[in-house]
Structures are given as C-alpha cells and as structure tokens.
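Data first, discussion second: the structure below is written as structure tokens.
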2 protein chains.
Amino acid sequence: MSDLKRVHNFNPGPGVLPLEVLQEAQAELLNFKGTGMSVMEISHRSKEFEAVIQTAEADLRELLGIPSNYKVMFLQGGATLQFAMLPMNLRAAGASADYVVTGSWSKIALKESKKLGTARAAANTEADGFNCLPKSLDLDPKAAYLHFTSNETIHGVEYFSEPTPPDGVPLVCDTSSDFISRPIDVSKYALLYAGAQKNAGPSGVTVVIARDDMLARTPENLPVMLDYKTLAESGSLHNTPPSFAIYMVGLVFKWAKKVGGLAAVEKINREKAGIVYNAIDESGGFYRGHTVPEARSLMNIPFRLPSEELEDTFAREAKKNDLIGLKGHRSVGGMRASVYNAMTIEGAKELAKFMKEFQKKNG
Amino acid sequence: MSDLKRVHNFNPGPGVLPLEVLQEAQAELLNFKGTGMSVMEISHRSKEFEAVIQTAEADLRELLGIPSNYKVMFLQGGATLQFAMLPMNLRAAGASADYVVTGSWSKIALKESKKLGTARAAANTEADGFNCLPKSLDLDPKAAYLHFTSNETIHGVEYFSEPTPPDGVPLVCDTSSDFISRPIDVSKYALLYAGAQKNAGPSGVTVVIARDDMLARTPENLPVMLDYKTLAESGSLHNTPPSFAIYMVGLVFKWAKKVGGLAAVEKINREKAGIVYNAIDESGGFYRGHTVPEARSLMNIPFRLPSEELEDTFAREAKKNDLIGLKGHRSVGGMRASVYNAMTIEGAKELAKFMKEFQKKNG
C-alpha cells in the first residue's frame with residue numbers, strides 16, 4: 001500500500017474508522033476465512049456468519065459489561081426508525097412517554113413519538129440554543145419510559161451521568177454518537193440504541209440493547225420488522241440482516257478491546273477532545289465553542305469563528321491541509337470537529353495546530 | 001492475488017457477487033476516488049457520495065428502462081419491512097388489498113398485510129405445494145393494489161409475464177430474487193421492491209421503485225422511516241442511508257451494463273438455468289425438480305434426490321468439489337441451486353457435471 005493516501009477525517013458520521021479494521025476487511029474481502037467467498041456472499045444461516053454475529057455480540061457484551069438479562073440486536077433503519085419502534089413496543093395504548101429535549105435529535109425523537117401516541121418534553125433547552133443540559137426535569141411518575149439522547153451530534157451536548165427517572169420508569173437512551181466511547185453502567189438503562197456510523201462501524205446497522213422486561217411489552221401483531229420481541233428472539237436473524245455492516249462493527253469491537261477496552265478508549269477520547277477544546281479556549285475568543293463547558297461533548301465539538309466568511313475560508317484551507325469534514329451542521333452553522341474513537345491523537349493535534357496558524361493569519 | 005481461492009457459490013442470498021465488482025471494492029476500500037477515506041467513511045451529504053447514489057440510480061433507470069414518473073429509493077429492512085410499508089402507504093383505511101400467494105414469501109407478505117388491515121388471497125397454490133403459478137385469479141376490482149411475487153426464492157416458481165389486475169388496480173411486485181435478472185416493462189407496475197442480496201448486491205439495502213401517484217397515497221403522520229413520500233422526496237437521504245451497500249449495488253448495476261444490459265444478462269441466465277434443468281431432466285427421475293416446467297425459475301432451482309440420505313451425501317460431496325450453498329430450504333427439503341446473475345456459466349457446468357457423476361456413483 002505504498003500509494004495509500006489517508007486524511008484526518010472529522011466527519012460527523014459516517015465517519016472515520018480504525019485503519020487496521022479497514023485493512024483487515026480489505027485483506028479478506030474476496031475470500032473470508034478461507035471460504036472462497038466474500039463475507040458479503042456467505043449465507044446468514046451459515047456457521048461462518050453465525051460466528052461473525054455471535055462474536056460481535058460477545059465482544060460488545062464484554063466491552064459494555066452488558067448484564068445477561070439484556071438482549072443485543074443488530075437492526076436496520078438507523079436511530080430514526082428506533083424513534084418509532086420504541087413507542088410502538090414500549091408504550092402501551094393510552095400511556096405517555098417522557099423525552100428530555102437537548103438538541104435536534106431528541107427533538108425529532110419526541111416528534112416521531114407523538115405521531116404514534118402521547119409524549120411530552122420533561123425538559124427542553126431549545127430556548128438556550130441547545131447549548132446545555134437542562135437544570136431540572138419535569139418528570140411524569142407514570143411515564144411509559146424516560147428517553148434522553150446521551151450525545152447530541154449536531155449541538156455537541158453530552159450527558160456524562162444519566163438523568164434519574166422516577167421509581168419504576170424505565171430509562172431509554174439514544175446513544176448513537178457516543179456509543180462505546182466510554183464505559184457506562186448498562187444496568188441503569190432499560191433500553192439503549194445506536195446507529196453504528198459514528199464510533200462503531202459503517203452506516204446500515206443499528207445496535208439495540210434491551211432488558212428482557214422491555215421485550216415483554218411488545219404488543220401482538222406488530223409488523224415483524226418493527227417487533228423487538230421477535231427480532232431479539234431470532235438473534236437478529238428473522239430475515240437477512242445487514243451482514244457486511246455487522247461484520248464491520250464486529251471488527252471495530254475487537255479493535256476497541258485491543259485498545260484496552262472502554263476505559264482506555266475514554267482516556268484517549270478525553271485527550272483528543274481536550275486538545276481541540278484547548279485550542280478554542282486559548283484563542284482569546286477567536287474561536288467560540290457552542291456548548292457550555294460542563295456539557296461539552298467528547299465526540300462532537302461545534303465552534304464558530306468571528307464571521308461566516310472566515311468560517312468558509314477555514315473549511316477550505318483545512319481541507320487543503322487534509323483536515324476533512326469540519327463544516328458544521330446548517331442548523332448551528334460554523335465548524336464542527338467530530339473526534340470519534342477512530343480519530344487519532346495525531347489528527348486532533350494537527351487540527352489544533354492548524355487552528356492556531358489560521359488564527360495567526362486571520363485573527 | 002496469487003493465493004485467491006474462489007468457489008462456485010449457489011447460496012440463495014446473500015449470494016454470489018461478480019468477481020470484478022468485489023475486486024474494485026477491494027482496491028479502493030481504503031481510499032475512495034482519491035479522497036483519502038473509505039467510501040464507508042465519507043459523509044452521505046458529500047459530493048462524492050451524491051455521485052455514488054445518483055450514478056447508481058441513473059444506471060438502474062437505464063438497465064430497467066424506468067419511466068421518469070417513477071421514483072427510485074434505496075431503503076433498509078429488506079423485503080420484509082416492505083411487507084408492512086406497502087399497506088401502510090398504499091392502502092387507505094377500510095380498503096382491501098389482493099395478494100397472489102405462490103410460495104413462502106408471498107404468504108408472509110399477505111400475513112404481514114393482514115396485521116395492518118384487510119387483505120385477501122386472489123389465489124393460493126399452497127395445496128399444490130407451491131410448485132406452480134395459479135390457473136386463475138379471483139380479483140377484487142376495488143382492491144387498493146394487487147401484489148405478487150415475481151420469483152419465489154424457496155419454491156423456485158417464477159412469473160415470466162405479469163398477472164393482469166382489474167382496470168385501475170395498481171400492480172405491486174416483490175421482485176427480490178429476480179431483480180435485474182431480465183428486462184421487464186416497468187410501466188406495467190405501480191410499485192416494485194427488491195432486497196438487493198440476490199442479484200444486486202450485499203444485504204442491507206432494499207430498492208423500491210414507485211410511480212408518483214403511489215407516493216401521493218402516503219397518509220399523514222406515518223413515522224418518517226416508513227413514509228415512502230418523504231423518503232422518495234429526500235432522495236433516500238432523509239437520514240444516513242446504508243452507504244456501503246448502495247455503493248456496492250451501484251457497482252453491480254455498472255457491471256450489468258457492461259455485460260450488455262438486461263437482455264444479455266437474461267440470455268446468460270437462461271443458458272445457466274438450462275444447464276442445470278437439463279441435468280435434472282436427463283437423469284431419468286434420479287433428480288426431481290420441485291416446480292412444474294412452465295413455472296420453473298431461472299434463479300432458484302429446487303430439486304430432490306431419491307432419499308434424504310442421498311441428499312445429505314450430495315451436499316457434502318458437492319462442498320468438497322467447491323460447489324457451495326446447495327442445501328434446500330428446510331420447508332421444501334432437498335437441494336436448491338441458486339444461479340443468480342453473478343453465477344458463471346462455468347459454475348453451472350461444474351454443477352451439472354457433478355450431478356451426472358454423483359448419479360453414476362449412487363444411481
């Protein structure tokens with residue numbers, strides 16, 4: 001691979017994957033484990049694919065410490081389909097669900113939930129521009145569940161300790177953009193879900209981790225692809241799963257174990273985010289972070305420059321320096337550096353160096 | 001690639017992919033079109049990915065001759081999710097839909113449809129063991145649509161000309177296992193859908209082709225991932241699409257064009273299926289095809305041997321000869337040779353040769 005060009009990829013998702021994961025996938029793309037077939041060409045009922053999906057699940061259970069009374073599912077449709085499946089399965093007819101709204105994604109989750117029944121905002125920080133966590137929650141003690149988004153990808157707001165639901169109310173979390181980025185206590189959650197395309201793999205697979213009592217809530221006669229109970233009982237093999245994407249998340253889980261598990265991954269993530277936040281904080285106001293310091297995401301770092309013109313120049317010149325994907329989401333504007341698990345410390349340092357040089361020239 | 005081992009892959013899906021498609025994907029897996037990123041790592045909003053999805057759509061439109069008043073969508077969840085999305089979008093409250101039941105898949109499609117409203121069988125060949133097409137249809141002139149499965153993957157029953165619905169009743173087709181295997185007249189259909197993992201690519205993406213008036217039927221307030229109208233209007237980019245799977249189907253479409261388009265693809269498919277059916281027909285009853293000759297699938301060829309013991313031996317010895325994936329579905333038993341687009345003529349010949357030799361030894 002002497003001609004291999006690789007950039008520093010700050011895309012918000014799909015985003016950077018570990019180089020050694022891509023290299024392993026490339027090496028065996030035409031002949032998976034001596035089968036004479038690509039992993040894309042083998043049957044999802046074969047013993048070879050069973051090993052792929054079972055190893056992926058076992059490694060994820062080890063990484064996150066998932067208790068045995070939880071099922072792991074590898075589904076399709078992204079977090080956005082989960083916004084619908086969740087109330088379809090967990091909220092009984094007539095019941096209401098609570099949502100903590102801290103950014104674009106939790107806002108959409110609430111909107112989708114309302115299409116299918118009753119849901120309310122236990123908090124909403126939109127008036128603050130989604131730049132913080134809520135100071136307090138207005139909780140329904142009878143809620144079917146309390147939903148929150150552990151990391152808002154667009155607004156860069158992250159929860160580092162879970163909100164506490166009332167006794168008996170299950171805690172549900174969209175962890176798409178900080179999934180496997182640090183250890184969490186899964187036993188605090190009733191259900192977690194994550195689109196893989198940030199920290200865990202390519203797009204096209206969604207990981208759902210559900211406590212057994214949540215699966216017992218699935219009503220009769222849901223369409224089978226929207227039915228957690230059937231999907232969990234089939235081991236994600238009710239129909240043909242997205243097998244290549246599952247294979248890839250399995251390689252990423254294996255890589256995260258090799259790095260040293262999620263405590264080691266978090267340490268590196270804190271170092272990388274620290275490098276970028278320092279570049280913002282030491283700029284004397286040239287760079288302005290979107291998020292209040294106590295809620296700053298370790299994954300997505302949105303920031304502004306003094307003008308939109310400078311922001312355009314920044315994105316353009318960064319790209320010339322092989323720093324890719326730094327344009328912010330149109331709803332927030334400015335820049336956003338996504339520093340997922342597979343972003344290297346070197347990449348974060350290159351970005352900070354570029355930020356300092358850019359400020360020197362344009363400040 | 002001197003150590004490349006490749007087998008003859010008769011898997012029913014996921015199944016064989018064109019070798020040159022896999023080689024192209026492998027070559028650029030770490031650096032897509034000079035971006036310094038894998039196609040899995042680029043943003044679905046980037047101009048590079050826009051080119052991927054737009055080229056895939058344009059090539060498919062050319063291959064199938066899709067009229068301009070049809071939209072093409074690249075969705076998730078397989079044909080099984082379409083079994084639910086279809087009535088959710090196309091069947092108004094209180095209306096009924098007709099289904100032609102010719103095998104396991106159309107039977108499940110009808111079952112899923114009934115979960116969500118009224119549906120009936122316009123025909124059902126289960127009493128014949130799903131080995132034929134229906135002699136006649138009992139059609140509802142007011143049906144919301146008439147659904148049929150153009151190729152039953154498990155039973156090997158294929159429609160070579162579409163059933164004719166009553167005037168004004170839209171024709172809807174699950175074409176998962178004969179998609180892009182031969183030319184069809186798309187203008188006869190109101191909606192077609194296909195899981196990609198047979199002829200068109202890896203699992204994890206479902207192609208839906210819908211006439212504009214069908215999209216106008218989508219009711220208000222469907223969850224967005226189940227809403228054809230929104231998904232079509234967003235160009236399949238409402239949320240993060242299964243980008244690698246879309247890239248792969250794009251490569252397969254390009255390959256099919258290079259083969260000479262669908263007329264050329266059909267000619268090769270007829271030759272391959274002919275080789276295997278001849279081996280059955282010339283065996284003097286040692287091999288018995290499941291399907292009546294006039295409905296024999298060009299894609300999936302289920303057949304039995306004189307005993308289950310011989311069938312087990314056949315599968316085992318075939319595998320030793322690098323003929324893979326020949327075990328039939330448990331519901332039909334026996335063997336099944338799936339000879340999708342990417343199966344080579346050489347592979348079909350090797351299978352026929354093996355069948356003759358096996359009969360000589362065991363007949």
Side-chain angles (χ1 to χ4, degrees), chain A residues 1 3-7 9 11-17 19 22-23 25-26 29-31 34-38 40-44 46 76-81 83-84 88 112 115-116 195 197 201-205 221-226 238-245 248 322 324-325, chain B residues 1 3-7 9 11-17 19 22-23 25-26 29-31 34-38 40-44 46 76-81 83-84 108 112 115-116 195 197 201-205 221-226 238-245 248 322 324-325:
Chain A
M1 295 316 233
D3 64 342
L4 179 61
K5 178 200 168 194
R6 294 277 296 171
V7 296
N9 178 355
N11 273 322
V16 59
L17 292 168
L19 180 58
L22 290 169
Q23 285 169 329
Q26 183 181 45
L29 200 76
L30 268 62
N31 183 3
T35 56
M37 297 175 276
S38 174
M40 288 179 255
E41 297 175 288
I42 64 175
S43 170
H44 57 295
S46 65
Q76 298 184 61
T80 310
L81 186 57
F83 296 165
M88 281 179 181
E112 288 289 292
K115 286 180 179 174
L116 296 157
Q197 69 273 10
S203 60
V205 62
N221 259 343
L222 272 188
V224 68
M225 292 307 290
L226 304 174
H238 178 81
N239 73 340
T240 314
S243 46
F244 184 75
M248 288 296 299
D322 286 343
I324 302 296
Chain B
M1 295 314 234
D3 64 340
L4 178 61
K5 178 200 168 193
R6 294 276 296 171
V7 296
N9 178 355
N11 273 322
V16 58
L17 292 168
L19 181 58
L22 290 169
Q23 285 169 331
Q26 183 181 45
L29 200 76
L30 269 61
N31 183 4
T35 57
M37 297 176 275
S38 174
M40 288 179 258
E41 298 174 288
I42 64 175
S43 169
H44 57 297
S46 64
Q76 297 184 61
T80 310
L81 186 57
F83 296 165
I108 298 171
E112 288 290 290
K115 286 180 178 174
L116 297 157
Q197 69 274 11
S203 60
V205 62
N221 259 344
L222 272 189
V224 68
M225 292 308 290
L226 304 174
H238 179 81
N239 74 339
T240 313
S243 45
F244 184 75
M248 288 296 298
D322 286 343
I324 303 295

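Every chain is numbered from 1, with letters handed out A, B, ... down the list of sequences.
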**Message:** Counting C-beta onward and ignoring hydrogens, is there a side-chain heavy-atom pair between B/Gln76 and A/Leu81 closer than 4.5 Å?
**Reply:** no

**Request:** Measure distances from A/Leu22 to the heavy atoms of chain B and classify the residue's part below 4.5 Å as side chain, backbone, both or neither.
**Result:** both

**Message:** For A/Asn11, which atoms come within 4.5 Å of any heavy atom of chain B: side chain, backbone, both, or neither?
**Reply:** side chain

**Prompt:** CG/A/Leu30 to CD/B/Gln26 distance, rounded to the nearest 0.5 angstrom?
**Reply:** 4.5 Å

**Item:** Non-neighbouring partners of B/Thr240 that pass side-chain contact (heavy atoms from CB on, under 4.5 Å), sequence neighbours left out
**Value:** A/Pro14, A/Gln197, A/Ser203, B/His44

**Fill in**
Highest number of heavy-atom pairs under 4.5 Å with chain A among B/Asn221, B/Ile324, B/Leu226 belongs to B/Asn221

**Fill in**
Turns out that what part of A/Leu222 lies under 4.5 Å from chain B's heavy atoms comes down to backbone

**Message:** At a 4.5 Å cut-off on heavy atoms, which part of A/Pro241 comes close to chain B: side chain, backbone, both, or neither?
**Reply:** backbone

**Item:** Side chain proximity check, B/Phe83 to B/Leu116, heavy atoms < 4.5 angstrom
**Value:** no

**Request:** Please identify each residue that fulfils side-chain hydrogen bond (donor to acceptor under 3.5 Å, both in side chains) with B/Glu41, with sequence neighbours left out.
**Result:** A/Arg6

**Prompt:** Contact part of A/Thr35 toward chain B, heavy-atom cut-off under 4.5 Å: side chain, backbone, both or neither?
**Reply:** backbone

**Message:** With chain A as the partner, which of B/Ser43, B/Gly78, B/Ala84 has the greatest number of non-hydrogen pairs under 4.5 Å?
**Reply:** B/Ser43

